[in-house]
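Below is one structure; the comments refer to it alone.
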Amino acid sequence: MSDDEEEIILRDLNDEELVAQMQDDLYDGLRDEVFEGVEILLERKWDPNAILSDALVEGMRIVGIDFRDGILFVPEVLQCASAMKGGMGLLRPLLAASEHAASTGKYVIGTVKGDIHDIGKNLVGMMLEGAGFEVIDLGINNPVENYLEAIDKHKPDILGMSALLTTTMPYMGVVIEELDKRGILKELPVMVGGAPLNQEFADAINAHTYGRDAAMSAELAKTIIGRNR
Ligand code: B1M
């Protein structure tokens, strides 16, 4: 089937069918189709946040279930991630369109050592940009040295760490301990987030804040900046 024919079919769907189709396409790792679905919903004046949550994040949630149950494997899930990122790329400028002329503050963010999941972190970064933050993204698999170097170089107002694995989340505690030893922690609020985390864990490792999701994290970051000024 040609791209044009596929386009006509997607465009023929009503909103509900289209969102369901996009979740299927994300599951099948069809980057172009997911991208096109996002385009169509935007043309239909959907709120970018709703596209993100209803079509993309929900699609990825379904992928997660089948990944956990051994129905999908790493190569397939990588394709799903690529499709998700394609759609997110289109939404990025819209979510990050800041009403703020000046930067709200500087935010360094990175996924911790041993962990290569970056979709959630990227979303948090996008929302922070939307809230007017200058975001310095350290990417994935960051040892403590990377965070220290970035703090020294960029002098952020907040440090954010993301982890998606129960095996990598304790490393956040290692970073926080090191910041404490160096006297940085009392000056620099640390936000932690990621699917396996909760408030209890954040408290246990002495993090300043726990961000449950991207939108809430951006709000929390603004509150922290307001409090510190
Ligand atoms: Co991974 N993986 N994975 N994986 N993967 C999970 C996390 C898992 C829950 C799947 C499952 O079993 N159901 C499971 C973890 C189990 C556990 O630890 N208990 C798992 C596993 C086991 C693994 C491997 C070990 C598999 C293997 O190799 N056998 C391996 C590990 C690799 C490594 O990191 N060393 C692995 C690999 C991969 C891929 C590479 C294939 C791919 C990642 C691609 C990429 O990110 N570029 C992948 C994916 C895609 C997933 C799932 C399916 C989806 C994650 C995602 O992107 N979610 C995931 C299952 C799931 O979570 N449902 C799974 C969408 C995203 C928007 O949500 O990341 O939660 P999330 O982010 C949210 C919040 O958590 C929060 O805001 C975001 C937006 O609202 N948030 C923050 C996140 N970071 C934050 C930081 C903040 C604040 C909020 O402040 C700084």
Side-chain angles (χ1 to χ4, degrees), residues 7 10-11 13-67 72 76-100 104 107 109-111 115-135 137 139-140 160-164 191-197 209-223:
E7 187 178 348
L10 283 182
R11 281 181 192 285
L13 302 176
N14 67 32
D15 286 9
E16 201 181 322
E17 291 165 341
L18 179 58
V19 167
Q21 183 61 44
M22 286 168 71
Q23 291 169 1
D24 282 355
D25 288 344
L26 193 135
Y27 188 97
D28 293 334
L30 300 175
R31 191 179 166 109
D32 291 350
E33 284 75 1
V34 171
F35 188 89
E36 193 192 330
V38 173
E39 273 181 330
I40 296 170
L41 289 177
L42 285 173
E43 283 164 23
R44 293 182 188 174
K45 306 286 177 227
W46 267 55
D47 174 12
N49 282 298
I51 302 176
L52 191 62
S53 60
D54 296 3
L56 303 184
V57 173
E58 178 56 19
M60 197 47 112
R61 192 188 64 79
I62 298 164
V63 169
I65 294 168
D66 281 2
F67 189 30
L72 289 176
E76 291 149 331
V77 178
L78 273 173
Q79 277 186 301
C80 303
S82 163
M84 169 118 186
K85 284 183 179 181
M88 275 165 64
L90 196 51
L91 295 175
R92 185 186 186 98
L94 301 168
L95 293 171
S98 170
E99 332 92 55
H100 309 261
T104 308
Y107 193 116
I109 190 167
T111 302
D115 201 320
I116 62 169
H117 295 85
D118 68 352
I119 294 173
K121 165 189 71 61
N122 295 348
L123 260 181
V124 174
M126 279 160 58
M127 293 290 182
L128 287 166
E129 284 175 3
F133 280 88
E134 182 187 340
V135 177
D137 188 343
I140 53 172
M161 288 187 279
S162 179
L164 262 286
M191 183 186 290
V192 293
L197 276 71
T209 317
Y210 162 60
R212 198 192 54 229
D213 58 42
M216 179 190 172
S217 302
E219 285 308 311
L220 281 172
K222 279 198 284 184
T223 311

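Residues: numbered from 1 along the sequence shown.
A pairwise comparison of heavy atoms in Leu95 and Pro48 identifies CD2-CB, 3.8 Å as the closest pair. What you find for Tyr210 and Leu197 is that their closest heavy atoms are OH-O, 3.1 Å. Smallest separation of non-hydrogen atoms from Ala83 and Gly29: CB-C, 4.0 Å. Counting all heavy atoms, side chain and backbone alike, Gly211 lies closest to Ser217 at CA-OG, 3.3 Å.
In this structure, CG on Leu91 lies 6.0 Å from CE on Met126, to the nearest 0.5 angstrom. To the nearest 0.5 angstrom, Thr209 atom OG1 is 9.0 Å from Met216 atom CE. In this structure, CG in Leu78 is found 10.0 Å from CD in Glu76, a value given to the nearest 0.5 Å. If you take CZ on Arg92 and CG on Leu123, they are separated by 9.5 Å, rounding to the nearest 0.5 Å. With rounding to the nearest 0.5 Å, the separation of CG in Leu41 from CG in Asp47 is 11.0 Å. Remark: Met22 CE to Leu18 CG distance equals 6.0 Å, nearest 0.5 Å.
With hydrogens and angles ignored, the 3.5 Å screen pairs no side-chain donor or acceptor of Thr111 with any backbone N or O of Ile116.
For Leu90, the side chain to side chain contact (heavy atoms under 4.5 Å, CB included) partners two or more places apart in sequence, or in a different chain, are Phe35, Val38, Glu39, Leu42. Every residue two or more places apart in sequence or in another chain that forms a side chain to side chain contact (heavy atoms under 4.5 Å, CB included) with Glu219 is listed here: Lys222. Evaluation of the side chain to side chain contact (heavy atoms under 4.5 Å, CB included) rule for Val135 yields Ile109, Leu128, Glu129, Phe133 as partners, not counting sequence neighbours.
Sorted by first and then second residue, the side chain to side chain donor-acceptor pair (under 3.5 Å) pairs involving residues 77-88 (not counting sequence neighbours) are Arg31-Ser82, Lys85-Asp118. Among residues at least two apart or in separate chains, salt bridge (Lys or Arg N to Asp or Glu O under 4.0 Å) pairs with a member in residues 13-24 are Asp15-Arg44.
For the side-chain contact (heavy atoms from CB on, under 4.5 Å) test with Met84, the passing option among Val34, Ile119, Asn122 is Ile119; the others fail.
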Would you tabulate the side-chain donor-acceptor contacts of residues 49-61 under 3.5 Å, counting partners in other chains and residues two or more places apart, or write 'none'?
unit_1: Ser53; atom_1: OG; unit_2: Asn49; atom_2: O; d: 3.1
unit_1: Ser53; atom_1: OG; unit_2: Ala50; atom_2: O; d: 3.4
unit_1: Glu58; atom_1: OE1; unit_2: Arg61; atom_2: NE; d: 3.0
unit_1: Glu58; atom_1: OE2; unit_2: Arg61; atom_2: NE; d: 3.3
unit_1: Glu58; atom_1: OE2; unit_2: Arg61; atom_2: NH2; d: 2.8

Before giving the answer on side-chain contact (heavy atoms from CB on, under 4.5 Å), spell out for Gln23 and Val19 the whole-Å C-alpha distance, their side-chain angles and the decisive distance to 0.1 Å.
-> CA-CA 6 Å; Gln23 291 169 1; Val19 167; 3.8 Å; yes

